[in-house]
Student: 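This is the structure, below, for whatever I ask next.
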Amino acid sequence: MVSQTFKALSDATRIRILHLLSQREYSVNDIAEELSLLQTTVSHQLRFLKNLRLVKFRRAGTTLYYSTDDQHVMDLLKQAIIHACHD
């Protein structure tokens, strides 16, 4: 599980998605639009993240809204971002 978590965090697209979802929940279309990605790309990455239980979703009609589901991993990501931005 640890290696899979680091694999999830080693992909720039997944990092961008997780960082966006750390702010609030988004639909697939909203994520795609916000990050200038194809909807299929976002769906694929969300499936990967969902299988690791890093994101969760709720259904509102036909729309799925995604949010983060593991605060420990989000804290790790936040620390990695801070470290990368440190002089």
Side-chain angles (χ1 to χ4, degrees):
M1 181 67 175
V2 173
S3 63
Q4 286 296 95
T5 300
F6 279 103
K7 180 179 178 181
L9 297 177
S10 70
D11 181 86
T13 299
R14 289 191 288 264
I15 290 170
R16 292 175 64 210
I17 290 170
L18 285 170
H19 186 262
L20 184 67
L21 291 176
S22 72
Q23 299 166 32
R24 66 176 177 88
E25 68 177 13
Y26 283 86
S27 70
V28 173
N29 289 336
D30 292 340
I31 295 169
E33 184 177 319
E34 189 74 26
L35 299 179
S36 299
L37 297 169
L38 295 174
Q39 182 179 351
T40 55
T41 301
V42 172
S43 294
H44 173 77
Q45 298 301 340
L46 287 170
R47 188 175 322 109
F48 183 90
L49 294 168
K50 186 171 73 75
N51 288 339
L52 291 174
R53 291 180 278 181
L54 299 180
V55 298
K56 60 186 175 183
F57 68 89
R58 71 172 179 87
R59 184 180 300 274
T62 59
T63 304
L64 298 178
Y65 291 93
Y66 286 85
S67 58
T68 60
D69 195 27
D70 189 322
Q71 191 57 48
H72 294 103
V73 172
M74 294 310 298
D75 291 343
L76 181 64
L77 177 60
K78 180 181 176 181
Q79 289 300 313
I81 291 169
I82 290 169
H83 176 74
C85 294
H86 190 267
D87 292 332

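If you're wondering where the values come from, they're calculated on a predicted model, not measured in any experiment.
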Student: Do the side chains of L46 and L64 join up, straight or via other hydrophobic residues, at under 4.5 Å, putting them in one cluster?
Tutor: yes

Student: Mind checking the CG-CG spacing from L76 to L9? Nearest 0.5 Å is all I need.
Tutor: 6.0 Å

Student: State, to 0.1 Å, how close R14 and K7 come at their nearest heavy-atom pair, and which atoms those are.
Tutor: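 Scanning both residues completely, I find the closest heavy atoms to be NH2-O, 3.1 Å.
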
Student: Please evaluate residues Q45 and D11 with respect to the criterion side chain to side chain contact (heavy atoms under 4.5 Å, CB included), reporting the C-alpha separation (whole Å), side-chain torsions for both, the decisive distance (0.1 Å), and the verdict.
Tutor: CA-CA 10 Å; Q45 298 301 340; D11 181 86; 4.2 Å; yes

Student: Return the NE2 to CG distance between H44 and L49, rounded to the nearest 0.5 Å.
Tutor: 9.5 Å

Student: Check whether more than 12 heavy atoms from other residues, nucleotides or ligands sit under 6.0 Å from atom CD of Q4, and answer yes or no.
Tutor: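 It does: Q4 CD has more than 12 such atoms within range.
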
Student: Could you tell me whether a side-chain N or O of S22 sits under 3.5 Å from a main-chain N or O of H19, the two making a donor and an acceptor?
Tutor: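 Confirmed, S22 side chain pairs with H19 backbone.
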
Student: Tell me every residue that passes salt bridge (Lys or Arg N to Asp or Glu O under 4.0 Å) with R24, counting only those two or more places apart in sequence or in another chain.
Tutor: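 R24 satisfies salt bridge (Lys or Arg N to Asp or Glu O under 4.0 Å) with no other residue.
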
Student: Nearest 0.5 Å please: distance from the NZ atom of K56 over to the CG atom of L21.
Tutor: 11.5 Å

Student: In this structure, would Y65 and L18 fall into the same cluster of hydrophobic residues linked by side-chain contacts under 4.5 Å?
Tutor: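 No; L18 is not reachable from Y65 via cluster members.
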
Student: Kindly give the heavy-atom pair with the smallest separation between L52 and A8, and that separation in Å.
Tutor: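 Closest pair (atom of L52, atom of A8, distance): CD1-CB, 3.7 Å.
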
Student: Could you please spell out the steps behind the side chain to side chain contact (heavy atoms under 4.5 Å, CB included) verdict for T5 and V73?
Tutor: CA-CA 8 Å; T5 300; V73 172; 3.8 Å; yes

Student: Looking at every non-hydrogen atom in both residues, tell me the closest pair between V55 and D69 and how far apart they are.
Tutor: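 Looking at all heavy atoms of both residues, the shortest contact is C-CB, 3.7 Å.
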
Student: Hey, is the main chain of S67 close enough, under 3.5 Å, to the side chain of R58 for a donor-acceptor pair?
Tutor: no

Student: What is the distance from atom CG of D30 to atom CG of L20, rounded to the nearest 0.5 Å?
Tutor: 9.0 Å

Student: Could you tell me the separation between the CG atom of D70 and the CG atom of L77, rounded to the nearest 0.5 Å?
Tutor: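 These two atoms lie 11.0 Å from each other.
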
Student: What's the separation between atom CD in Q39 and atom OG in S27, rounded to the nearest 0.5 Å?
Tutor: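 The OG atom of S27 is 8.5 Å from CD of Q39, to the nearest 0.5 Å.
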
Student: With a 3.5 Å cut-off and no angle check, do the side chains of D75 and Q79 form a donor-acceptor pair?
Tutor: no

